There are 2 protein chains.
Amino acid sequence: MKQKLRLRQLEALMAVIQHSSVTRAAKELGVSQPAVSRLLADLGQTLGFSLFDRRGGRLVPTQEVHFLQADIQRVLDLMDQIEEVSQSITERKAGHIRIACLPGFATNHLPAVIAQFLKDRPGVSITIEPDRPERILEWMIDEQFDFGITDGFRGHSAVFSTDIDVRTVCIFPDGHPLEKLSEVTAHDLANDKIIHTRRDSEFFKNLATAFVDADTVLTTLVETRQFTAACELVSHGLGVAIVSELDALKFVDRGVQARPFLPALSHRLSLVRPISKQPSAITLEFISAFASSLEPFQALENAPT
Amino acid sequence: MKQKLRLRQLEALMAVIQHSSVTRAAKELGVSQPAVSRLLADLGQTLGFSLFDRRGGRLVPTQEVHFLQADIQRVLDLMDQIEEVSQSITERKAGHIRIACLPGFATNHLPAVIAQFLKDRPGVSITIEPDRPERILEWMIDEQFDFGITDGFRGHSAVFSTDIDVRTVCIFPDGHPLEKLSEVTAHDLANDKIIHTRRDSEFFKNLATAFVDADTVLTTLVETRQFTAACELVSHGLGVAIVSELDALKFVDRGVQARPFLPALSHRLSLVRPISKQPSAITLEFISAFASSLEPFQALENAPT
DNA sequence: GATTTTATATAATATTATGTTATGGTCTCC
DNA sequence: GGAGACCATAACATAATATTATATAAAATC
């Protein structure tokens with residue numbers, strides 16, 4: 001067999017099998033009858049055995065053809081499927097996005113955003129990997145993931161980042177004296193033990209400065225990495241915390257009250273992605289959707305970070 | 001997407017993915033580099049998204065392509081497989097043969113012939129369906145089977161048949177007085193009860209004539225359809241039978257002795273196939289192989305049937 | 001059984017896909 | 001900054017696939 005099998009020949013073959021007629025097959029394929037005749041002739045030549053028997057006006061496939069029929073059909077179906085999928089890809093309805101995020105986001109805000117995003121995109125799948133910021137950074141650098149949600153990001157030449165400052169609020173258990181205030185200052189917290197983020201974090205430094213400026217001593221109760229942990233502790237009646245409004249919202253009506261904190265502090269999130277790897281269109285679309293989802297929580301431009 | 005996906009484009013895509021280079025891919029495909037460049041350009045155009053990112057001299061597939069890669073590979077593999085199989089078909093190494101045969105052949109002679117036939121034809125598969133001659137005939141007429149082995153066949157306009165007359169022998173249990181003879185005549189059987197085929201069978205008529213001609217009475221012990229059953233009975237020490245040498249051979253050394261019977265009677269087998277359905281080459285090859293396998297048992301041309 | 005109808009094959013030819021060579025731009029590597 | 005590798009593009013040749021026109025053979029009709 002010197003000639004290669006051509007896809008068009010197989011299409012013609014299947015169409016003729018289906019209709020038992022070259023003419024009808026040609027009609028289905030939308031081409032002239034002689035075109036199909038030749039495709040079949042060439043295919044028969046290539047394969048080395050005859051494809052059809054004439055039987056009272058109809059064409060019936062030979063047993064040899066019958067033997068190949070299933071495989072041929074599978075090829076044609078697969079080609080159709082590839083076309084469909086790539087169609088979906090261009091319409092941003094298919095693809096895969098690998099997301100690395102802070103543990104809090106994996107359970108808190110992100111799932112809702114993903115659910116909404118996938119609603120109109122049935123072919124899209126997503127991987128979520130929660131971990132510490134250091135690890136997220138590594139993953140961006142060696143391009144293991146398409147998109148990262150992190151904080152405390154200081155910039156890196158291999159990582160493209162969009163920073164978003166979200167508002168923070170003061171939270172405390174139901175029944176706490178602060179309940180009576182409509183907003184809370186450092187001064188109001190003089191007698192409270194505070195649950196806050198790690199001392200080396202940017203956010204803690206801002207918080208400490210606020211206390212110093214208010215001539216108030218900051219008394220530590222618990223030092224934690226995650227806002228969610230702080231919220232959890234407060235909801236169990238323990239102490240007071242300053243956390244991102246994003247996290248706090250999930251805990252109101254769960255034994256926690258929230259009030260704006262003054263001076264307004266913001267918490268800087270970084271939406272990151274590998275800089276040299278061209279992101280897929282669907283990834284960019286998701287990052288944009290995620291950024292939008294944070295807008296309601298975004299701090300004013302001029303707020304200190 | 002107005003343009004259709006072409007197989008050649010997918011081949012080019014996979015080759016470039018594999019080698020991370022258009023030039024090397026072109027070398028593998030055995031064409032010039034610009035040819036591959038264009039195939040990729042056209043494919044990218046058709047699909048609607050870019051296929052590769054440049055990354056320090058190498059080409060890495062975009063995530064979109066990665067998403068399709070498995071399916072594309074499957075299509076190419078399937079095409080290769082189809083080529084291989086059809087190659088096997090033309091070399092008569094693949095295909096399927098449906099055989100309808102007398103019950104005796106299903107267990108007796110046929111298996112050995114099939115085993116030999118399949119030895120050099122790994123892709124060939126065979127269906128064996130044992131049944132009565134009437135049913136075999138029906139199956140030929142409506143083309144449910146490719147090949148039939150039957151007897152008592154009277155001809156039919158929808159069935160093509162090749163008749164083969166096989167020798168018959170007289171068989172009897174070890175220790176029987178006939179043991180002393182080197183050949184047996186009807187006269188020698190005057191005092192024996194005979195196991196023979198059905199009275200309406202052609203072969204019985206010939207046998208009866210031989211007895212009449214020898215002025216001997218034929219005493220029936222058992223009337224059976226199959227030679228194998230007759231052999232089985234004889235091997236249990238019961239009576240005497242005239243059966244085809246083909247069947248008899250399987251029972252010598254199992255308590256049965258065989259001697260030529262005079263006058264020489266033959267048993268007519270018919271190798272049949274549907275007349276209007278063009279048989280596959282592999283079927284014809286098998287029929288021919290089967291006919292050859294009967295040669296050692298074939299009666300002389302001029303023997304009465 | 002002659003004739004019309006229908007289905008398919010073949011021939012001549014246009015169009016599209018796929019190949020070639022020639023060439024210029026861009027990137028990497030030194 | 002220059003050499004070499006790599007790729008894209010242009011101009012053109014060839015092969016695959018389409019077209020229309022027509023011949024041929026089988027099926028259907030009278």
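Only a predicted model underlies this, so the values are computations on that prediction, with no experimental measurement involved. Reminder, nothing fancy here: chain letters follow the sequence lines and each chain counts from 1.
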If you look only at distance, which donor and acceptor atoms sit under 3.5 Å apart when one is on a side chain in residues 93-103 of chain A and the other is two or more places apart or in another chain?
{"residue": "H96(A)", "atom": "ND1", "partner": "S125(A)", "partner atom": "O", "Å": "3.2"}
{"residue": "H96(A)", "atom": "ND1", "partner": "S125(A)", "partner atom": "OG", "Å": "2.5"}
{"residue": "H96(A)", "atom": "NE2", "partner": "T127(A)", "partner atom": "OG1", "Å": "2.7"}
{"residue": "R98(A)", "atom": "NE", "partner": "D146(A)", "partner atom": "OD2", "Å": "3.3"}
{"residue": "R98(A)", "atom": "NH1", "partner": "Q144(A)", "partner atom": "O", "Å": "3.4"}
{"residue": "R98(A)", "atom": "NH2", "partner": "D146(A)", "partner atom": "OD1", "Å": "2.8"}

Quiz prompt | From dA9(C), dA10(D), dC7(D), nucleotide with atom closest to V22(A) side chain | solution =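 When the side chain of V22(A) is considered, dA9(C) is the closest of dA9(C), dA10(D), dC7(D).
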Self-check item: Closest non-hydrogen atom pair, F49(B) against S86(A)
Solution: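 Closest approach of F49(B) to S86(A): CE2-O, 3.9 Å.
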Self-check item: V113(A) to S293(A) - nearest heavy-atom pair and separation
Solution: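 Smallest heavy-atom distance, with atoms named: CG2-OG, 3.4 Å.
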Quiz item: Given that R24(B) and P34(B) both sit by DNA chain D, which one's nearest nucleotide is further toward the 5' end?
Solution: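 Its nucleotide being nearer the 5' end, the pick is R24(B).
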Quiz item: On a plain distance test, is the side chain of Q33(A) in donor-acceptor contact with the base of dA7(C) below 3.5 Å?
Solution: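 No.
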Atom-to-atom span, [atom1] of [X] to [atom2] of [N] - whole angstrom:
{"X": "L51(A)", "N": "dA9(C)", "atom1": "CG", "atom2": "P", "answer": "10 Å"}
{"X": "L59(B)", "N": "dA5(D)", "atom1": "CG", "atom2": "P", "answer": "17 Å"}
{"X": "L43(B)", "N": "dA8(D)", "atom1": "CG", "atom2": "C1'", "answer": "16 Å"}
{"X": "H19(B)", "N": "dC7(D)", "atom1": "NE2", "atom2": "C1'", "answer": "17 Å"}
{"X": "K27(B)", "N": "dA5(D)", "atom1": "NZ", "atom2": "C1'", "answer": "11 Å"}
{"X": "D53(A)", "N": "dA7(C)", "atom1": "CG", "atom2": "C1'", "answer": "17 Å"}
{"X": "L40(A)", "N": "dT8(C)", "atom1": "CG", "atom2": "P", "answer": "10 Å"}

Practice problem: Keeping the roles fixed (side chain from R24(B), backbone from V22(B)), state whether a donor-acceptor pair exists under 3.5 Å. | Solution: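 Not at all, since once roles are kept as given, no pair shorter than 3.5 Å links the two residues.
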Quiz item: Does a side-chain N-to-carboxylate-O contact under 4.0 Å join K277(B) and E143(B)?
Solution: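 Salt bridge absent between K277(B) and E143(B).
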Find every protein N or O atom lying less than 3.5 Å from an N or O atom of nucleotides 16-18 of chain D, and list the pairs.
{"residue": "dA16(D)", "atom": "OP1", "partner": "Q3(A)", "partner atom": "OE1", "Å": "3.2"}
{"residue": "dA18(D)", "atom": "OP1", "partner": "R8(A)", "partner atom": "NE", "Å": "2.7"}
{"residue": "dA18(D)", "atom": "OP1", "partner": "R8(A)", "partner atom": "NH2", "Å": "3.0"}

Practice problem: State whether the number of non-hydrogen atoms from other residues, nucleotides or ligands found under 6.0 Å of H156(B) atom NE2 is greater than 12. | Solution: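 Yes, because the 6.0 Å sphere around NE2 of H156(B) holds more than 12 heavy atoms from other groups.
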Quiz item: Checking side chain to side chain donor-acceptor pair (under 3.5 Å) for the pair E91(B)/Q87(B): CA distance, chi angles, key distance, verdict?
Solution: CA-CA 6 Å; E91(B) 289 171 357; Q87(B) 180 73 18; 3.0 Å; yes
Quiz item: T23(B) near the nucleic acid: base, sugar-phosphate alone, or nothing, with a heavy-atom cut-off under 4.0 Å?
Solution: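 If one applies the 4.0 Å heavy-atom cut-off, T23(B) turns out to touch the sugar-phosphate alone, with no base involved.
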